[in-house]
Peer 1: 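I am attaching a structure below and will ask some questions about it afterwards.
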Amino acid sequence: MQKVIAILGGGVAGLSAALELAERGFSVDVYERKPVLGGKARSIPVPASGVAGRADLPGEHGFRFFPGFYKHVTDTMRRTPYGSHGNTFQNLTVATRTLLARAGRAEITWLARRPENLEDLRVFLVELFTPLGVPPLEIAYFVNRLLVLATSCTERRFGEYEKIKWWDFIGAARMSLDYQAYFAQGMTRSLVAMRRREQHTHRRLHQSTISL
């Protein structure tokens with residue numbers, strides 16, 4: 001007799017669990033109170049945003065990109081059928097640029113890959129000299145902190161950095177507001193939505209390393 005399992009909630013977690021169980025031979029029923037599956041990952045149309053007979057524009061909750069360390073979700077997408085022959089992973093495309101929008105300031109375009117052509121090199125050189133508002137001495141200190149991480153052994157990463165919060169490791173408390181916004185908060189929240197004062201340094205190092 002085949003086992004039947006009920007999944008309560010058709011968001012990312014529920015649908016992922018349903019896929020894993022179905023692949024293992026279980027019969028799965030997914031129950032979702034909303035008319036559309038997907039939870040926070042679904043597109044939510046913005047009312048009255050469509051013109052000339054076009055559908056309303058999609059509103060998104062959070063970002064819609066997967067850094068290199070998002071291994072599990074992309075693996076799941078490769079096993080999720082889409083259409084007659086494809087899978088949902090095939091709907092993704094590799095980003096070449098990252099746009100940083102800043103309230104009341106000019107936007108900044110960063111390179112999202114290693115330079116591969118002259119245009120990439122131009123963007124890379126421009127971003128090197130784009131003023132973020134962080135004092136040069138503070139930038140130098142942050143670079144020093146990154147070099148310390150890059151040259152640390154595995155024993156130190158697990159034995160020491162697991163006990164030091166990223167906020168404390170980079171000395172954010174005594175730095176400028178721009179330093180805190182870009183290096184302490186922005187780099188943390190934009191990638192993993194973690195609290196800047198609580199995330200451990202080793203966790204932050206691991207994310208930075210495998211996302212390259």
Side-chain angles (χ1 to χ4, degrees), residues 11-13 16 39-41 59-77 92 94-115 120 123-212:
V12 174
S16 297
K40 289 183 178 181
E60 309 294 334
H61 176 87
F63 56 71
R64 283 295 174 269
F65 74 96
F66 301 109
F69 57 83
Y70 277 41
K71 302 295 185 180
H72 295 87
V73 67
T74 51
D75 173 70
T76 300
M77 293 177 71
L92 300 180
V94 178
T96 62
R97 302 288 187 270
T98 299
L99 179 68
L100 175 63
R102 303 185 296 174
R105 299 185 183 184
E107 61 191 26
I108 298 175
T109 301
W110 286 335
L111 199 63
R113 64 184 183 190
R114 294 181 178 88
D120 284 354
V123 173
F124 175 72
L125 293 175
V126 168
E127 73 183 49
L128 284 179
F129 297 98
T130 299
L132 294 175
V134 181
L137 288 178
E138 293 186 0
I139 294 178
Y141 179 79
F142 182 73
V143 171
N144 173 270
R145 296 283 81 193
L146 294 182
L147 290 175
V148 169
L149 290 177
T151 56
S152 295
C153 63
T154 301
E155 290 77 10
R156 188 178 184 189
R157 294 180 182 184
F158 283 97
E160 182 177 343
Y161 296 154
E162 280 284 356
K163 304 172 185 177
I164 301 177
K165 293 180 172 55
W166 177 248
W167 178 271
D168 297 329
F169 182 81
I170 64 173
R174 62 178 185 274
M175 300 297 183
S176 65
L177 293 179
D178 283 326
Y179 181 98
Q180 296 174 359
Y182 290 114
F183 299 148
Q185 176 175 315
M187 293 180 64
T188 302
R189 293 184 60 186
S190 62
L191 292 178
V192 289
M194 294 188 70
R195 297 178 180 178
R196 61 190 185 277
R197 296 177 185 270
E198 297 181 11
Q199 183 181 31
H200 292 170
T201 300
H202 175 255
R203 175 66 173 166
R204 183 69 188 87
L205 169 64
H206 180 64
Q207 293 154 356
S208 299
T209 301
I210 61 181
S211 64
L212 297 178

Peer 1: In Å, rounded to the nearest 0.5 Å, how long is the span from CD1 of I164 to CD1 of I170?
Peer 2: 12.5 Å
Peer 1: For L137 and Y141: C-alpha separation, side-chain torsions, deciding distance, then whether side-chain contact (heavy atoms from CB on, under 4.5 Å) applies.
Peer 2: CA-CA 6 Å; L137 288 178; Y141 179 79; over 6 Å; no
Peer 1: Please enumerate all residues that pass side-chain hydrogen bond (donor to acceptor under 3.5 Å, both in side chains) together with R97, with sequence neighbours excluded.
Peer 2: D120
Peer 1: The criterion is side-chain contact (heavy atoms from CB on, under 4.5 Å); which residues satisfy it with V148, sequence neighbours excluded?
Peer 2: N144, R145, S152, R156, Y161, F169
Peer 1: Please check if the side chain of T74 supplies one atom and the backbone of K71 the other of a donor-acceptor pair under 3.5 Å.
Peer 2: yes
Peer 1: Please report the closest heavy-atom contact between S176 and E138, naming both atoms and the distance.
Peer 2: OG-OE1, 2.7 Å
Peer 1: Under 4.5 Å between any side-chain heavy atoms of V12 and K40, yes or no?
Peer 2: no
Peer 1: Tell me every residue that passes side-chain hydrogen bond (donor to acceptor under 3.5 Å, both in side chains) with Y179, counting only those two or more places apart in sequence or in another chain.
Peer 2: none
Peer 1: Keeping the roles fixed (side chain from E162, backbone from R157), state whether a donor-acceptor pair exists under 3.5 Å.
Peer 2: no
Peer 1: When rounded to the nearest 0.5 angstrom, what distance separates CD in Q180 from CG in D178?
Peer 2: 9.5 Å
Peer 1: To the nearest 0.5 angstrom, please state how far the CZ atom of F183 sits from the CH2 atom of W166.
Peer 2: 10.0 Å
